[in-house]
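Worksheet for the structure shown next.
Values below: every heavy atom of this structure, side chains too, minus hydrogens, waters and symmetry copies.
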Protein chains: 2
Amino acid sequence: MKSPPLKGLWYFKTAAELGSFKQAAEALFVTQAAVSQQIRILEQQLGCTLFERQTRKVVLTQQGQDLLPYLHKAFGQIDMGLSTLKADPNPSTINLSVLPSFASCWLLPRLAQFKNALPDYQLRIDPTEQLADFNEDDIDIGIRFGLGDYNGLKSELIAEDELVIAYQPGLINPNKPLRSQLSKHNFIYDEGRDNELAWFELCDQLGLSGHASSNLKIDNAALVLQATVAGQGFSLVRRRLVAQSLALGQLEIHPEFSWQCEFRYYLVAPERHFEWPKIKAFRDWIITELKSTDP
Amino acid sequence: MKSPPLKGLWYFKTAAELGSFKQAAEALFVTQAAVSQQIRILEQQLGCTLFERQTRKVVLTQQGQDLLPYLHKAFGQIDMGLSTLKADPNPSTINLSVLPSFASCWLLPRLAQFKNALPDYQLRIDPTEQLADFNEDDIDIGIRFGLGDYNGLKSELIAEDELVIAYQPGLINPNKPLRSQLSKHNFIYDEGRDNELAWFELCDQLGLSGHASSNLKIDNAALVLQATVAGQGFSLVRRRLVAQSLALGQLEIHPEFSWQCEFRYYLVAPERHFEWPKIKAFRDWIITELKSTDP
DNA sequence: TTTTATACTTAATTAAAACTTAACTATAAG
DNA sequence: CTTATAGTTAAGTTTTAATTAAGTATAAAA
């Protein structure tokens, strides 16, 4: 089925409603010659004249008047259809997809602040290792730790982080150099994605022999922290995840070593989600909150 | 106001309804690569995916399903709008714009035949010298005598004609040469548009001295005929207009002279009118009727 | 009355969008 | 395991739509 001359009809509708080719041209961000031509072509295709040309103005013919209301409805429908795509189906609930480690170590301890800052919004946390499918799952926005390349999605950098040496207070003396102390304790290793380089760097700095020194491998940053708090040894963890335990005196970090993460924290979602009020509000809140705990 | 991506939406609607880019491509008379690209671009512009690509098939996402019904309505409206432009507002009445001379001398005498041939149609005759404005006046079709160039309108040649010498029976002896007889009588001159050349030709042929011989000038072919029937003199008239009077014995024509008219008879109307059943029927009737009275 | 300014038309050129071709991918069916 | 199918992608070409510039007609201003 051949398509109707949609562009011409859009130009016609604009010109008809404004009663002027010139004004239509302005509204359409083109020259009025373009409008004139499109409407001439449309009239040829339809085989009838839509406008009667008078000097310095145009008036709708009977046929133009007949056609206009249909186009009005039609383009209105299209507009409504497109609006539903952009609209937020549930404007008061923020469905957040977030890594379990970040959820338990950073977000949950700050729920009170969130409720205080944004009392009108409900926060629903969906902790998943993999970034949720925004088409399938009912997710509004994700917080991810990575390089910012999330295929087809918009991502916004919200924070950086660094890896530090954490341990139960007393396990290691922060006032003495690391080198001599580390070898006496278990290294609790988080098998996260970009930790390896940092571990190599640490071994390099301290003259250790690499992986061999790792006595406990755990594929979950939250459990690594838990084991560290329990005094199982020392670990290489992100400073932002450890801030809460630090404040509570459950952990200490050694000032000698830190490693800037290659990965960073991003807000991730389809572009249109970033236009929703609740997402804008959440974004502003989390940026402020992250800033307030900047190292 | 920038226009929505109408072409992309049309492609999407087609593909969504057919459930396949390949079938959509066939329906749209393009390659499926074109469909694939258009829909990709549309998805980029909307910032969401409309189809989930599976191997060898595509399925609508939730958003695609949400959008489709709006487009369905919208394009349906456009279709209806365009239909009204093409539609015949009054399918049983033929509003005919015709020259007064042709109306009175040719058409009116054949009304009985028309009613007989097309009993379901009402004929409304609008006799005007100038071709009616199809936008303003409620005219379905015109019969004109001219060159066929009717700005922006479709015209179809339906008959030719020739000018002949007509007179009251007995006024002139058809068996004797014209030359000697004409100078004894008034020449009733119709100031129609292309009669002048014929008159020069006649004068040339007969060795007459041109315009001077015209004793009666009338700007209306029907009145010229009337005057001729009344015995006021001889005239130069179109054979088709005089056929009726000939048949009734009111007039005679001289066999010695005839002049092929440069002008011809045309059906004239906006192109779409020619698609209407009533116009097709009228066209067939008048062509048949004109043929049956061909010289 | 003449001049100027305006709204539109038209033709030629330029820019942009859309289409086709062809090479590639993944997989269901034979 | 091979083939055929439905779709993707990139490069090149064609088509379409835009701008530019010159022209028309006329209402309003000088």
Side-chain angles (χ1 to χ4, degrees), chain A residues 1-61 63-64 75 133 135 149 151-153, chain B residues 1-61 63-64 75 133 135 149 151-153:
Chain A
M1 190 161 44
K2 239 186 75 207
S3 79
L6 294 164
K7 175 159 264 163
L9 291 170
W10 177 261
Y11 276 41
F12 164 74
K13 181 216 161 211
T14 308
E17 285 174 349
L18 296 174
S20 147
F21 286 11
K22 185 170 194 274
Q23 282 176 257
E26 270 169 44
L28 295 163
F29 305 109
V30 295
T31 59
Q32 100 249 51
V35 175
S36 177
Q37 285 180 86
Q38 281 298 320
I39 291 179
R40 176 161 47 83
I41 291 166
L42 176 65
E43 288 177 324
Q44 278 172 14
Q45 288 169 334
L46 300 182
C48 65
T49 65
L50 267 8
F51 284 103
E52 189 189 325
R53 273 72 165 179
Q54 299 179 351
T55 54
R56 298 175 58 173
K57 74 173 180 185
V58 289
V59 270
L60 283 173
T61 61
Q63 311 209 348
F75 290 124
D133 178 345
N135 287 317
D149 50 341
N151 178 25
L153 299 169
Chain B
M1 193 161 42
K2 240 187 73 208
S3 79
L6 294 164
K7 174 160 265 164
L9 292 170
W10 178 260
Y11 276 39
F12 165 73
K13 181 214 160 212
T14 308
E17 285 174 350
L18 296 174
S20 147
F21 286 11
K22 185 169 194 272
Q23 281 176 257
E26 271 170 42
L28 295 163
F29 306 108
V30 294
T31 59
Q32 101 251 50
V35 175
S36 177
Q37 287 178 81
Q38 280 299 317
I39 291 179
R40 178 162 46 82
I41 291 165
L42 176 66
E43 289 177 323
Q44 278 172 15
Q45 287 169 333
L46 300 183
C48 64
T49 65
L50 267 7
F51 285 102
E52 188 190 326
R53 273 71 164 180
Q54 301 178 349
T55 54
R56 300 175 58 173
K57 74 173 181 185
V58 288
V59 269
L60 283 174
T61 61
Q63 312 209 346
F75 290 125
D133 179 346
N135 288 317
D149 52 340
N151 180 24
L153 300 169

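- Of the listed nucleotides (C:dT20, D:dT26, D:dG7), D:dG7 has the atom at the smallest distance from the side chain of B:S20.
- For the pair B:Y11 and C:dC19, the criterion of a side-chain N or O lying under 4.0 Å from OP1 or OP2 is met.
- A straight line from CZ of A:R56 to C1' of D:dT26 spans 7 Å, rounded to a whole angstrom.
- Residue A:Q38 has a polar side-chain atom (N or O) positioned under 4.0 Å from OP1 or OP2 of D:dA18.
- B:V35 comes within contact range of no nucleotide atom at all, as no heavy-atom separation falls under 4.0 Å.
- Atom-to-atom, CD of A:Q32 to C1' of D:dG23 comes out at 13 Å; the value is rounded to the nearest Å.
- Spacing between atom CD1 of B:I39 and atom P of D:dT9 amounts to 13 Å, rounded to whole angstrom units.
- Here B:T31 does not reach the OP1 or OP2 of C:dC19: none of its side-chain N or O atoms lies under 4.0 Å away.
- To the nearest angstrom, P of C:dA16 lies 17 Å from CZ of A:F29.
- Between B:R53 and the phosphate of D:dA6, there is no side-chain N or O to OP1/OP2 separation shorter than 4.0 Å.
- Contact of the B:Y11 side chain with the B:L42 side chain is not registered, since no non-hydrogen atoms from C-beta on lie closer than 4.5 Å.
- Contact between the side-chain N/O atoms of A:S36 and the OP1/OP2 oxygens of C:dT9 is found at a separation under 4.0 Å.
- Taking 4.5 Å as the limit, some side-chain heavy atom of A:F51 sits within range of a side-chain heavy atom of A:L60.
- If you check D:dA18, D:dG7, C:dA7 against the side chain of B:F21, the one that comes closest is D:dG7.
- Figure legend: A:K7 and A:W10 shown without cation-pi pairing, the cationic atom not lying both under 6.0 angstrom from the six-membered ring centre and within 45 degrees of its axis.
- One interatomic measurement links the two molecules: CD of A:E52 to P of C:dT9, which rounds to 12 Å at whole-angstrom precision.
- Remark: P of C:dA11 and CD1 of A:I41 are 12 Å apart, rounded to the nearest angstrom.
- Under 4.0 angstrom from either OP1 or OP2 of C:dT27 there lies no side-chain N or O belonging to B:Q54.
- In this structure, A:T14 and B:M1 have side chains that are not in contact, with every pair of non-hydrogen atoms separated by 4.5 Å or more.
- Across the protein-nucleic acid pair, A:L18 atom CG and C:dC8 atom P stand 11 Å apart, rounded to whole Å.
- Comparing B:Q37 and A:A33 against DNA chain D, the residue whose closest nucleotide sits nearer the 5' end is B:Q37.
- Between D:dT9 and B:R40, a contact under 4.0 Å exists linking OP1 or OP2 to a side-chain N or O.
- Under a 3.5 Å cut-off, the side chain of A:E43 and the backbone N or O of A:L50 do form a donor-acceptor pair.
- Residue A:E43 contributes atom CD, which lies 13 Å from atom C1' of C:dC8 at whole-angstrom precision.
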